[in-house]
Engineer: 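I am attaching a structure below and will ask some questions about it afterwards.
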Amino acid sequence: MLKSPKYSKQHLIIFTRYPEPGKTKTRLIPALGSVGAANIQREMTEHTVSQVKELQASTAISLEIRFAGGNLQLMQDWLGSDLVYQLQGEGDLGSRMMRSLLNSFQKNAEQVVIIGTDCPGVNPQILTTTFEQLHVFDLVLGPAVDGGYYLIGLQQPFPELLTNIDWGTSQVFSQTVDIAQKLNLSVAYLPTLADVDRPEDLPIWEQETRE
């Protein structure tokens with residue numbers, strides 16, 4: 001049985017995938033092999049979780065892991081049984097994210113933030129800023145260098161922000177901003193950070209692990 005989450009007013013969701021070789025970080029397989037690519041996925045997820053736990057030491061936020069691949073037992077064996085896990089479910093990224101947002105707001109969360117695990121620059125300071133901005137702004141976005149975004153934060157769910165988006169392309173961020181403007185949403189922008197998706201991105205992760 002999935003552990004039932006206790007939702008704080010400030011709720012953070014990490015989207016990740018179980019690091020099964022051949023099914024994760026596939027764009028890195030040419031450089032690292034399937035096992036090496038899966039290891040990067042594992043390490044980056046662990047890094048992201050550790051950043052959130054650091055924030056939780058000083059701030060009352062609840063955390064939920066939305067996962068794809070694997071199963072609950074494998075996730076608990078990997079990241080620990082003290083975390084809350086939920087399946088991402090079916091559909092494209094937008095529908096999976098909207099499902100998690102709606103679920104969180106239905107459980108009385110007042111500020112919900114979704115992050116992935118591909119951006120090693122996400123740290124407690126950025127997350128703190130995000131939740132502070134959500135007291136003032138309808139939407140907080142963290143733009144990624146590749147034209148996507150590494151973070152989205154909302155005070156209430158706006159399904160339009162996650163529909164008709166060309167996921168996985170360099171248009172994701174600009175399309176989202178266009179929709180937000182049409183909805184007359186106030187938007188705060190975080191610093192632009194780099195994702196680790198392709199072999200040429202690996203130095204970003206190597207630098208992070210050296211620091």
Side-chain angles (χ1 to χ4, degrees), residues 5-16 48-49 51-56 58-67 84 86 88-195:
K6 290 185 172 67
Y7 288 83
S8 298
K9 289 182 177 179
Q10 298 180 318
H11 187 62
L12 182 76
I13 301 164
I14 297 176
F15 264 60
T16 191
T48 303
V49 171
Q51 298 300 298
V52 177
K53 285 186 171 179
E54 192 177 319
L55 177 62
Q56 284 182 307
S58 60
T59 309
I61 67 163
S62 47
L63 169 63
E64 164 188 341
I65 309 287
R66 285 264 168 173
F67 70 95
V84 171
Q86 304 271 12
Q88 289 183 19
E90 299 299 318
D92 69 3
L93 180 60
S95 60
R96 286 179 276 137
M97 288 169 64
M98 182 48 59
R99 188 180 299 122
S100 69
L101 281 168
L102 289 170
N103 184 246
S104 301
F105 284 114
Q106 285 164 357
K107 299 286 174 60
N108 298 319
E110 294 179 6
Q111 301 172 338
V112 182
V113 174
I114 299 177
I115 58 175
T117 60
D118 294 343
C119 191
V122 173
N123 58 33
Q125 291 76 25
I126 282 175
L127 296 173
T128 298
T129 299
T130 301
F131 283 111
E132 288 172 350
Q133 299 277 38
L134 282 173
H135 288 295
V136 182
F137 293 89
D138 299 313
L139 169 66
V140 178
L141 286 173
V145 171
D146 63 6
Y149 56 77
Y150 61 84
L151 177 153
I152 183 169
L154 289 160
Q155 290 185 7
Q156 56 181 294
F158 292 97
E160 298 94 330
L161 290 169
L162 299 170
T163 51
N164 298 317
I165 301 288
D166 296 318
W167 299 108
T169 73
S170 60
Q171 304 303 307
V172 171
F173 178 77
S174 60
Q175 288 174 342
T176 306
V177 171
D178 287 345
I179 295 167
Q181 289 172 343
K182 287 178 184 143
L183 294 172
N184 290 319
L185 301 184
S186 56
V187 188
Y189 299 104
L190 298 167
T192 301
L193 297 176
D195 280 342

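Residues take their numbers from the sequence shown, with the count starting at 1. Bear in mind that the values here come from a model prediction, so they are computed numbers and not experimental data.
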Engineer: Is there a side-chain contact between Q51 and V122 (heavy atoms, below 4.5 Å)?
Structural biologist: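 Answer no - side chains too far apart.
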Engineer: Under a plain distance cut-off of 3.5 Å, with no hydrogens placed, do N103 and S100 share a side-chain donor-acceptor pair?
Structural biologist: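 Result is no, nothing qualifies.
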Engineer: Enter the distance from T129:OG1 to L151:CG here, rounded to the nearest 0.5 Å.
Structural biologist: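 Separation between the atoms: 10.5 Å.
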Engineer: For the atom pair CZ (R99) and CD (Q86), what is the distance rounded to the nearest 0.5 Å?
Structural biologist: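 Spacing of CZ (R99) from CD (Q86) equals 11.0 Å.
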Engineer: How long is the span from the CZ atom in F173 to the CD1 atom in I152, to the nearest 0.5 Å?
Structural biologist: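 Between F173 CZ and I152 CD1, I get 10.5 Å after rounding to 0.5 Å.
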Engineer: Tell me the closest heavy-atom pair linking S104 and I13, and the distance in Å.
Structural biologist: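 Smallest heavy-atom distance, with atoms named: OG-CD1, 3.5 Å.
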Engineer: Does a side-chain heavy-atom distance below 4.5 Å link L183 with D138?
Structural biologist: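 No, too far: nothing below the 4.5 Å cut-off.
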Engineer: Nearest heavy-atom pair of Y149 and M97: which atoms, and what distance?
Structural biologist: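 Y149 and M97 have their closest heavy atoms at OH-CE, 3.6 Å.
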Engineer: In Å, rounded to the nearest 0.5 Å, how long is the span from OG1 of T176 to CG of L139?
Structural biologist: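 Between atom OG1 of T176 and atom CG of L139 there are 8.0 Å.
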Engineer: How about T192 and V145: do any of their side-chain heavy atoms sit closer than 4.5 Å?
Structural biologist: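 Counting from C-beta outward, T192 and V145 do come under 4.5 Å.
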Engineer: By the definition side chain to side chain donor-acceptor pair (under 3.5 Å), identify the one residue from H11, E132, H135, K9 that meets it with Q111.
Structural biologist: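 Option passing the side chain to side chain donor-acceptor pair (under 3.5 Å) with Q111: H135.
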Engineer: Say you draw a straight line from OG1 of T16 to CD1 of I65; how long is it, rounded to the nearest 0.5 Å?
Structural biologist: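 Here the interatomic distance stands at 7.5 Å.
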Engineer: So T59 and F131, do their side chains get closer than 4.5 Å, heavy atoms only?
Structural biologist: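 No, too far: nothing below the 4.5 Å cut-off.
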Engineer: OG1 of T163 to CD1 of I179: how many Å apart, nearest 0.5 Å?
Structural biologist: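 Going from OG1 on T163 over to CD1 on I179, the span is 5.5 Å.
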Engineer: Tell me, with the steps shown, if W167 and V172 meet side chain to side chain contact (heavy atoms under 4.5 Å, CB included).
Structural biologist: CA-CA 6 Å; W167 299 108; V172 171; 3.8 Å; yes
Engineer: What are the two closest heavy atoms between I14 and G116, and how far apart are they?
Structural biologist: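 I14 and G116 have their closest heavy atoms at CG2-O, 4.5 Å.
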Engineer: Determine whether a donor-acceptor pair (N or O, by modelled atom type, separation under 3.5 Å) exists between the side chain of Q56 and the backbone of I61.
Structural biologist: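 Yes, the answer is positive, given that a donor and an acceptor are paired below the 3.5 Å cut-off.
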Engineer: Please assess L193 against I126 for the test side chain to side chain contact (heavy atoms under 4.5 Å, CB included), listing each intermediate value before the final yes or no.
Structural biologist: CA-CA 11 Å; L193 297 176; I126 282 175; 3.6 Å; yes
Engineer: Would you name the heavy atoms of P120 and A194 that are closest together and state the gap between them?
Structural biologist: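 Taking every non-hydrogen atom into account, CD-O, 4.0 Å.
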Engineer: Under 3.5 Å, is there a donor-acceptor pair between the side chain of Q171 and the main chain of I165?
Structural biologist: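 Side chain of Q171 to backbone of I165: no pair is present.
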Engineer: Walk me through whether V177 and V187 qualify under side chain to side chain contact (heavy atoms under 4.5 Å, CB included).
Structural biologist: CA-CA 8 Å; V177 171; V187 188; 5.7 Å; no
Engineer: Tell me the closest heavy-atom pair linking R96 and F15, and the distance in Å.
Structural biologist: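 Looks like O-CZ, 3.6 Å.
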Engineer: Taking atom CG as the centre, does N164 end up with more than 12 heavy-atom neighbours from other residues, nucleotides or ligands that are less than 6.0 angstrom away?
Structural biologist: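 Count not over threshold, so no.
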Engineer: Should D118 and Y150 count as side-chain neighbours, where that means a heavy-atom distance under 4.5 Å?
Structural biologist: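 Counting from C-beta outward, D118 and Y150 never come under 4.5 Å.
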Engineer: Of all the heavy-atom pairs spanning P143 and L141, show the shortest one and how long it is.
Structural biologist: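 Closest heavy-atom pair between P143 and L141: CD-O, 3.4 Å.
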